[in-house]
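Notes for the one structure printed next.
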Amino acid sequence: MGVQGLWSLLEEYNQIYQDIHFWDSKLVVDGTNLAHLLYNRANLDQNHGGEYLAFQAEVKAFFKTLDDCQIKAYVVIDGGSGTSDIKLNHRMDRQRKRVKKIPDALKGGKKGFYALFTTTVFEETLNDMKVPLVRCFREADGQLAALAKKWSCPVLSRDSDFYIYDLPEGFLPLDHFQMDSVKASGARSCISCKRYTTSRFCTLFNIGHQLLPVFATLAGNDYDILRNVKWDRYVPEGSPKMKSKSPRLVGLLSWLGARTDRTTEDTLTAAMALIPNISQQARTEMRTEVQNAMLEYRLPSSSLRRFFSEGTVPPLPPEIWSWVPEWVRVSLARGDLGAKILDYDILVHRRKFLRIQVECSVLQSSNLTSRPIRQVMYGLLLGQGEGEVEEWDRDGLELVSVKVQPLVQGAAQTLRLDSLPQADPAVRLQVCLETLGVEEETLEGVPAHLRLPVAVTRYWLRRASPEPTVLKALLMVMVQGELNRRTGGATGWQGVTSHNPHPLDGVVAQSFNQWQACLKDTSQLNLLLCKPLPEPHYAWLYQGRLVHRRQKQLLNREPEEILHDPRFRRLYRRLLGAVTQPDPGANRRAGGPEAQLRASTEHLHLNTQDEEEEEKELGGAEGLDQGSDGSRVEVKSRRRKQQREGWE
């Protein structure tokens, strides 16, 4: 839920914190908070679509620091929003604010637009580093706190809810966790940080522990009616607290501290009486809502301890147990299903908030291009005829909702959610490729982990609006990333990563955003289908500032005039050919960008020696045809002569 302004208040009363040197301990980590803080703290660009490789380096450095200090991290990531709609208005307000920030962001200002693959790269990096990780089905705060209490270790987060939970070893605010300043303590290394405990808070403000949930709920922003109470009038006259920059919170704490009854029920009754200009019925209803909200601060039994120690998957809430198959529950907890594929919003509320990106606001939202992909995913999750999904997205600079029909068609009609892992891999692959309008044979010769982005790029090239002119820049950066990933290189290709106030070309940004939206939705569909296509290495696929810079360079040059490496030339030509070659099953636009690019790439056909050298570098045809689940993904072969004739 969160208590807006509480962090700022406690910065005024910083004596509430205890300075400690932290080492040799378990640590429960709020993964969602940490991912965003690391991205922000590195000052990475947020307006060009993401600086994923630089972000991955930040994540690796952070967890290496913990390891150096013998701190064992257990990362917990939020799932959905929960069954209650208490915070719906607050979520919609935040979305509206993001939409309104788009014009300023296009000019180079206004941060806060987290790139689509931030959480994906974060989870991917932690899995590579073998850091214990779990994804909760709904909001994770209660489970984080319960696990920390069970293990008697602190929580690392910046969520203000952790100022309310009573934790034996306290709460370590991320903003005071000095991960860049590791100190030696004898033969050991440690991290300087500040620790917060509720006992110090209650002593400072003279309130009982039992009133902390009352304080948090009355101070929250989830209820418009409660904002009408003028808490600042309860700040004592002549008190130094009158100079506080948070008079509303100080007044509420002063009111709570001055009460003599101190019981939760009596305090609630008195607080409800302070709400002006409402009926008794409305007052009673508000009291019930506040009481229900307070339950969020009652610690549940920890269901994560056994997951981390024994691999036992946490149970789902009983109200949706029958809706979610066992394999989905296991995959979700382990992070195999990625972010936001399954949550209460979709399953219970039939609702999805789409990510807002920085783009030309007079054009359609970049999310529209990938809507058909999401419809197939909704169909697999919900079935056809089970109700529409309400998608919240921008229209111009307004937040609007659109009813979207789940689709179950083609090969997908033979699949059931509860038995997807047992379904024929060829059928699961067919569903993925049918959704993208891509024929299997067009992926021949493409490295296995690049097939998904190549297939997405073919889909995007045909459906994006306006017609994209950025294909070469996109493939150029993709190939550079792949070659650097193989060789262990990085410096020199990711470009300038820090956030600088330079204006964006809104139309170019729109094209790149549409591609990322298509990749994001396809990646989630692919995960739901149990990975018929191997997952790509997302951190190496796209670098926002670099790809925008390459687009400017390519206005009057060709990629091979910029990069002369023969390995680059061979892989670039192969991917470009796979994306632009004719596909009899695709609905191509006559004279569109595909046809124009095909005409402009006739000179790029490889000779036999080039192709043989490339296959040797890429591991040969056998290495290219391995699916992610170990089974062979059969790709129909054609003679190279036929392939060349098709290109021409």
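The structure presented is a predicted model; accordingly, all values stated were derived computationally and were not measured. For the numbers below, each heavy atom of this structure counts, side chains included, while hydrogens, waters and symmetry mates do not.
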Separation between CD of Gln95 and CZ of Phe353, rounded to the nearest 0.5 Å: 6.5 Å
Backbone N/O of Thr522 and side chain of Asn526: donor-acceptor pair under 3.5 Å: no
Heavy-atom pair of closest approach, residues Val454 and Val446: CG2-CG1, 3.9 Å
Audit row: Trp327, Leu417, side-chain contact (heavy atoms from CB on, under 4.5 Å) steps and yes/no: CA-CA 9 Å; Trp327 78 266; Leu417 181 62; 4.1 Å; yes
side-chain contact (heavy atoms from CB on, under 4.5 Å) assessment of Leu415 paired with Leu529: CA-CA 10 Å; Leu415 299 179; Leu529 289 167; 3.9 Å; yes
Residues, nucleotides or ligands: over 12 heavy atoms within 6.0 Å of Arg416 CZ: no
Parallel, tilted or perpendicular, as decided by the 30° and 60° cut-offs, for the rings of Tyr52 and Phe117: perpendicular
Flag side-chain contact, heavy atom, 4.5 Å: Leu380 against Met377: no
Distance (rounded to the nearest 0.5 Å) between Arg545 CZ and His548 NE2: 9.5 Å
For Cys360 against Val507, the heavy-atom pair lying closest together: CB-N, 4.3 Å
By salt bridge (charged side-chain N to carboxylate O under 4.0 Å, His left out) - contacts of Arg394 (at least two apart): Glu359
Glu535 vs His449 side-chain heavy atoms within contact, under 4.5 Å: no
Whether Tyr39 and Tyr114 hold their rings parallel, tilted or perpendicular, with breakpoints at 30° and 60°: perpendicular
By side chain to side chain contact (heavy atoms under 4.5 Å, CB included) - contacts of Ala57 (at least two apart): none
Verdict with supporting geometry, Met478 and Thr457, side-chain contact (heavy atoms from CB on, under 4.5 Å): CA-CA 11 Å; Met478 191 186 301; Thr457 305; 4.3 Å; yes
With Tyr378 via ring-ring contact (aromatic ring centres under 6.0 Å, His included) - residues at least two apart: none
Reported CG-to-CD distance for the pair Leu382 and Glu388, which is rounded to 0.5 angstrom: 11.5 Å
Minimum heavy-atom distance between Val75 and Gly31, given as atom pair plus value: CG1-CA, 3.6 Å
Non-hydrogen atoms of Tyr459 and Cys518 that approach each other most closely: CE2-SG, 3.7 Å
Note: Glu558-Lys472 ion pair, threshold 4.0 Å (strictly below): yes
Phe512 and Tyr542 aromatic ring geometry - parallel, tilted or perpendicular at 30°/60° bounds: perpendicular
Residue from Ile77, Val131, Val59, Asp128 passing side chain to side chain contact (heavy atoms under 4.5 Å, CB included) with Glu123: Ile77
Test: Arg371 and Glu391 ion pair at under 4.0 Å: yes
Asp424: partners by salt bridge (charged side-chain N to carboxylate O under 4.0 Å, His left out), with sequence neighbours left out: none
Minimum heavy-atom distance Ala411-Val427, with the two atoms named: O-CG1, 4.1 Å
Thr125 vs Lys60, side-chain contact (heavy atoms from CB on, under 4.5 Å): CA-CA, chis, key distance, verdict: CA-CA 7 Å; Thr125 306; Lys60 287 182 176 180; 3.6 Å; yes
Straight-line distance of Gln524 CD to Lys520 NZ, nearest 0.5 Å: 5.5 Å
Separation of Asp521 CG from Gln375 CD (nearest 0.5 Å): 11.0 Å
Candidate pair Asn40 and Gln46, rule side chain to side chain donor-acceptor pair (under 3.5 Å), full reasoning: CA-CA 9 Å; Asn40 274 333; Gln46 296 182 11; 2.6 Å; yes
Residues that Phe568 engages under ring-ring contact (aromatic ring centres under 6.0 Å, His included), provided they are two or more places apart: Tyr572
Sequence neighbours excluded, every pair satisfying salt bridge (charged side-chain N to carboxylate O under 4.0 Å, His left out) that has a member inside residues 505-514: none
Nearest-0.5 Å distance, CD of residue Glu482 to CG of residue Leu571: 6.5 Å
Any donor-acceptor N or O pair under 3.5 Å, side chains His48, Arg549: no
